[in-house]
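Residue indices begin at 1 and follow the sequence shown. Note that this is a predicted model, so its numbers are computed, not measured. Every number for a ligand or one of its atoms is a count from 1 in the order of the listing.
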Amino acid sequence: MIPRPSDKYRPFRPFARDFSERTWPSRRIEHPPIWMSTDLRDGNQSLIEPMSVERKLRFFEQLVKIGFKEIEVGFPSASQTDFDFVRKLVDEKRIPEDVTIIVLTQSREDLIRRTVEAAAGAKRAIVHLYNACAPAFRKIVFNMSKDQIKEIAVSGTRAVKEFTGQHPETSWRYEYSPEVFSTTEPEFALEVCNAVGDVWQPSPESKIIFNLPATIEATTPNLYADQIEWMHKNLKRRDSVVLSVHPHNDRGTAVAAAEFAVMAGADRIEGCLFGNGERTGNVDLVTLALNLYTQGIHPGLDFSDIDEVRRCVEYCNQLPVHPRHPYAGDLVFTAFSGSHQDAIKKGFAQQQPDALWEVPYLPIDPADLGRSYDAVIRVNSQSGKGGVAYLLEQEHGLALPRRLQIEFSRAIQRVTDETGSEVTSGAVYKIFSKEYLEQDQPWKLVRHRITGDPKADSGHQFSIDAEVEVNGEVRHLQGKGDGAIAAFVDAVGMPIRIMDYHEHAIGTGTDTRAASYVELRVGDSATGFGVGVHRDIVTASFLAILSAVNRHAAADVTQPDTAETTEA
Ligand SMILES: CC(=O)SCCNC(=O)CCNC(=O)[C@H](O)C(C)(C)COP(=O)(O)OP(=O)(O)OC[C@H]1O[C@@H](n2cnc3c(N)ncnc32)[C@H](O)[C@@H]1OP(=O)(O)O
Ligand SMILES: CC(C)C(=O)C(=O)O
């Protein structure tokens, strides 16, 4: 019988009994780990097309600019490109004083010799040696006993010691990885690491790096954290060890595993930008670093121009970053849904520049990553009035009163429902302009002259002479009122009741214009808005009145039933 998929696996349990001594769940991350970028270890990072020297160099310079102090620059014994690249960095003195390069090798004498040759002459370098220790690898790949596997690690370490000793011009350090630590019995991983340490003889001044990779992510992040804490507590010479982790993302939980591992005692994290790497990738260092901001911790890496970093990585890896990728994706600071837009708009309005960040739905200020607010709110059929109003305010300086927001969002909804697609901010303004600002038929204001004395108490302090076109025919109107608007309404001669009025300035200095919003009722009709924009505030309000009158006339002709809907 063919087994069910779930019958083909058994749960991975690192310890025979529960590791109940764990303390990591109560810990918090209080400072950033040592970051190690392994982006340039080309063979491992599994690109469809491995990076050329030119791309590797560009990537290296980007990593330096971000602030990485430890950069794995290649697997020099694996390819001439990697070897040449490492030599180029060294010979052309491209490695900044405070940056240490790392070179990876299998535990084979010829490969170790070539690896050391590649990095010799650098001011500082770390040789990184690995061999798999997990049961399946012992059985399937090496067909060796535990002792023989340990001997691979120990003899490789001796070889690194010998060959690096031949190049005293470089300050060498050593990193050892019991590959596939994630599924290795912790006791055996510990035995191998301690044996390696016995050969290398690290000291608190010159520490060895023990890197414990989740080469294949095999279980939930809490169990990985247990494994790390157990090693942290049991390693010999812990004060002479930098404890490092190298999570992969097979189960999609590499970021959580890395964070828990730091809580469990890890000092250092290896990974790649945007989670590139073999299969589902190495842990994403960008996400890990930026997660620290929301805990009030500076990551020690500079992602203040995340778009530039993303462009560089996409160019070098020739792989895209997903639009939903945390912090960096095109859509991660964008809200399409109405309730989100509403909350974000209110959040931005209340956020003070020097206060704690508190904008709903945005865990981090996009500006901290060099991203603009432009794309924060986008409008489609799921959007509400808040998003539409936000775009008009941000991009065109129009602060619509609340009831107008409701009225106008219906016009937008009609378009998004019809097309099913997003409406750009430019299109929102066009629809708004057509709906309100370009409403000059049948009534069009040509000119006006207003005289008045606001202090007088006659009840008719203002007089107006206006010239308008009605259906193209010029008319001269006169009116009186206790204000400019009342005088104009009187001149128009229709049964108009002004229900609400708002105005504000757009822009500053000589470019300042006024926006007027009028909600009015003609006779017994439903109320509706009109909007006018003009350099002169009084003219803007007359334009707003005629905009509402014209919209009323159009609704009367084309939509006899809008009365119910606009009344809402
Ligand atoms: C988890 C990681 O991602 S580690 C990084 C992985 N990246 C890469 O491997 C990319 C670069 N690698 C390469 O280009 C090649 O593997 C090379 C050049 C290093 C070596 O190539 P080859 O000599 O052809 O050997 P190959 O890779 O097939 O290695 C297999 C042999 O090495 C042994 N081996 C594998 N890993 C190790 C190790 N870490 N230490 C010692 N021996 C090892 C295997 O048991 C096998 O031995 P066998 O031939 O006796 O059966
Ligand atoms: C070489 C080691 C650290 C590695 O890349 C892995 O195990 O994933």
Counting heavy atoms under 4.0 Å, the part of R41 that contacts ligand 2 is side chain

How long is the span from the OG atom in S155 to the CD atom in Q148, to the nearest 0.5 Å?
-> 11.5 Å

Only one of N211, N282, T38 forms a side-chain hydrogen bond (donor to acceptor under 3.5 Å, both in side chains) with E270, so which one is it?
-> N211

Charged N to carboxylate O below 4.0 Å: is that the case for K65 and E308?
-> yes

Ranking E179, H128, H248, R108 by closest non-hydrogen atom to atom 32 (O) of ligand 1, top hit is R108

Output the list of atoms in ligand 2 that are nearer than 4.0 Å to some heavy atom of P213, sorted by atom number.
-> 6 (C), 7 (O)

Is the shortest N/O to N/O distance between N211 and ligand 2 below 3.5 Å?
-> no

Is the Lys NZ or Arg CZ of K146 less than 6.0 Å from the centre of F188's six-membered ring, within 45° of the axis?
-> yes

Numbered atoms of ligand 1 (with element) below 4.0 Å of A78, judged on heavy atoms = 11 (C), 12 (N), 13 (C), 14 (O), 18 (C)

Has ligand 1 got any nitrogen or oxygen that is less than 3.5 angstrom from a nitrogen or oxygen of S77?
-> no

Do any heavy atoms of E278 fall under 4.0 Å from ligand 1?
-> no

Heavy-atom side-chain contact between W35 and L288 under 4.5 Å = yes

Give yes or no for whether the N/O distance cutoff of 3.5 Å, strictly under, is met between H248 and ligand 2.
-> yes

Any idea which atoms of ligand 1 are less than 4.0 Å away from a heavy-atom of R41?
-> 2 (C), 3 (O), 4 (S), 5 (C)

Cationic tip of R114 within the cone over F83's six-membered ring, i.e. under 6.0 Å and within 45° of the normal?
-> yes

Counting heavy atoms under 4.0 Å, the part of Y130 that contacts ligand 1 is both

Considering the heavy atoms of E179, write down every atom of ligand 2 situated less than 4.0 Å from one of them.
-> 7 (O)

Per-atom filter on ligand 2: closer than 4.0 angstrom to a heavy atom of S177 are 3 (C)

Could R58 and Y315 be counted as a cation-pi pair, given that NZ or CZ must be under 6.0 Å from the ring centre and within 45° of the axis?
-> yes

What residues, two or more places apart in sequence or in another chain, satisfy side-chain hydrogen bond (donor to acceptor under 3.5 Å, both in side chains) together with T183?
-> none

